[in-house]
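Data first, discussion second: the structure below is written as structure tokens.
Read the numbers this way: they start at 1 and go in the same order the structure lists the ligands and their atoms.
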Amino acid sequence: MSTIPHDHPRYASLIAREKLVEGIEQGIVSMHGLIAHGRGEAFDYLIGERTTHAALEAERVACAHLIRARHPIISVNGNAAALAGELLVRLSELLAIPLEVNLFHYTEQRAERIASHLMRLGAREVLTQRDAMIPHLSSERGRVSSKGIYAADVVLVPLEDGDRCEKLVSMGKVVIAIDLNPLSRTSRTATITIVDELQRALGNMLELASELVDAPTERLDALIQGFDNDTNLMESLRAIGHHIAEQFR
Ligand code: PTJ
């Protein structure tokens, strides 16, 4: 990794870029991942590179869902593995949720490299089998593990494709997406959309999950029932508007 001074005003953003470039070199990230990241960065700029109140609320409710789930799963793609592999493994350990490698631009070699990367970071279980098919989703994107995403009642999918998100929701699953773009199809289709940067979101979720893991089920259910995704997305959009307006005061 090249040396980026710690006091650089864009330190976090530059480190994220370094991680993705390194991920490309290690065969973990797809070239398309760089483009997707650029789009995410643009939205993060508009949000003010901070966790908004709305995002924190969505992160709390997402944790409640993961704790209450019978069969939760964390889906991992190339960008997520490179940017936040360690955080994903820690969340998986904390809540005893298996990880599944699930790629948009699938190659067996990249899936295996991501699985080894997660195992090196301490993951106990990483599913890579693709023995089940998400109904009505053409091509490789629909292939998932019968023990993981296919059987899951709650799926955490950082940086998901809108089409697949929609199909997972129509299978009756609770889909928790992390996506900086509040207007993306994924954001509008997911059950819970966390409009926050992946690493910030997962860092917060680790803290929130530690707080909530022993909470009474009534409290978790109240959090889940009190949440409305469209209202939360509107709040994220308002937060962007406020942030932009503040720049011209
Ligand atoms: O590794 P693969 O083959 O599974 O491919 C992964 C990518 C991300 C390339 C693939 O899923 C893809 O093409 O994603 P999209 O459809 O471009 O969607 C990515 C979404 O994630 C966009 O809406 C971005 O705004 C958002 N995003 C990008 N980086 C981040 C992010 N959201 C949160 N945190 C980020 N760091």
Side-chain angles (χ1 to χ4, degrees), residues 10 12-24 26-52 54-55 58-59 62 74-88 99-115 117-118 126 128 130 134 137 139-144 149 155-168 175-190 192-205 233 236-237 240:
R10 308 211 46 74
S13 160
L14 293 174
I15 289 289
R17 289 182 180 190
E18 289 282 317
K19 285 184 183 172
L20 287 169
V21 169
E22 212 172 73
I24 296 257
Q26 293 170 346
I28 287 175
V29 175
S30 80
M31 287 292 186
H32 309 82
L34 298 183
I35 301 167
H37 183 75
R39 191 192 307 173
E41 270 193 343
F43 277 99
D44 206 17
Y45 212 86
L46 296 175
I47 288 170
E49 295 173 313
R50 69 201 158 115
T51 298
T52 63
E59 284 155 8
I74 301 174
S75 175
V76 185
N77 65 18
N79 285 40
L83 285 175
E86 199 183 325
L87 295 169
L88 288 163
L99 300 160
E100 175 170 342
V101 178
N102 191 256
L103 303 181
F104 188 83
H105 306 281
Y106 180 82
T107 68
E108 193 178 336
Q109 192 185 45
R110 195 155 66 90
E112 273 165 18
R113 285 189 177 156
I114 293 171
H117 175 68
L118 296 170
V126 183
T128 50
R130 301 164 77 242
I134 300 173
L137 190 62
S139 81
E140 294 294 303
R141 294 174 302 149
R143 292 191 193 282
V144 292
I149 291 175
V155 190
L156 172 63
V157 276
L159 282 58
E160 178 59 317
D161 150 57
D163 214 16
R164 198 167 48 182
C165 179
E166 192 183 334
K167 300 293 186 294
L168 290 172
V175 178
I176 302 163
I178 303 176
D179 192 332
L180 276 160
N181 176 2
L183 298 171
S184 75
R185 218 151 63 78
T186 298
S187 290
R188 287 183 291 144
T189 330
I192 294 177
T193 308
I194 297 168
V195 182
D196 200 358
E197 197 280 324
L198 177 63
Q199 299 167 87
R200 286 198 307 268
L202 290 169
N204 294 337
M205 283 174 75
L233 285 174
S236 294
L237 285 164
I240 290 175

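- Comparing heavy-atom distances from atom 1 (O) of ligand 1 across G78, P158, C165 singles out G78 as nearest.
- Between R50 and D44 there is no salt bridge, since no side-chain nitrogen of the basic residue lies less than 4.0 Å from a carboxylate oxygen of the acidic one.
- Ligand 1 has no N or O atom lying under 3.5 Å from any N or O atom of D161, backbone or side chain.
- Heavy-atom contacts of G40 reach the following atoms of ligand 1: 24 (C), 25 (O), 27 (N), 28 (C), 29 (N) (cutoff under 4.0 Å).
- Where the criterion is an N or O separation shorter than 3.5 Å, residue side chain and backbone included, F104 meets it with respect to ligand 1.
- Checking V101, D179, L198 against atom 20 (C) of ligand 1, the nearest heavy atom belongs to D179.
- By the 4.5 Å heavy-atom criterion applied to side chains, D179 and I194 are not counted as neighbours.
- Comparing heavy-atom distances from atom 9 (C) of ligand 1 across P182, G33, S187 singles out G33 as nearest.
- Residue L180 has at least one heavy-atom neighbour below 4.0 Å for each of these atoms of ligand 1: 32 (N), 33 (C), 34 (N), 35 (C).
- For the side chain to side chain donor-acceptor pair (under 3.5 Å) condition, the pairs that include at least one residue of residues 155-166, sequence neighbours left out, are N102-R164, R141-D161, R141-D163, E160-R164, D163-R185, E166-R185.
- For D196, the closest heavy-atom approach to ligand 1 falls below 4.0 Å.
- Contacts between Q199 and ligand 1, counted as non-hydrogen atom pairs separated by less than 4.0 Å, are absent for every part of the residue.
- Rounded to the nearest 0.5 angstrom, L34 CG and R39 CZ are separated by 13.5 Å.
- Scanning R185, H105, R200 for the heavy atom closest to atom 13 (O) of ligand 1 points to H105.
- Using a 4.0 Å cut-off between charged nitrogen and carboxylate oxygen, R10 and E49 count as a salt-bridge pair.
- Close contacts between ligand 1 and L83 involve ligand atoms 36 (N) [criterion: under 4.0 Å to a heavy atom].
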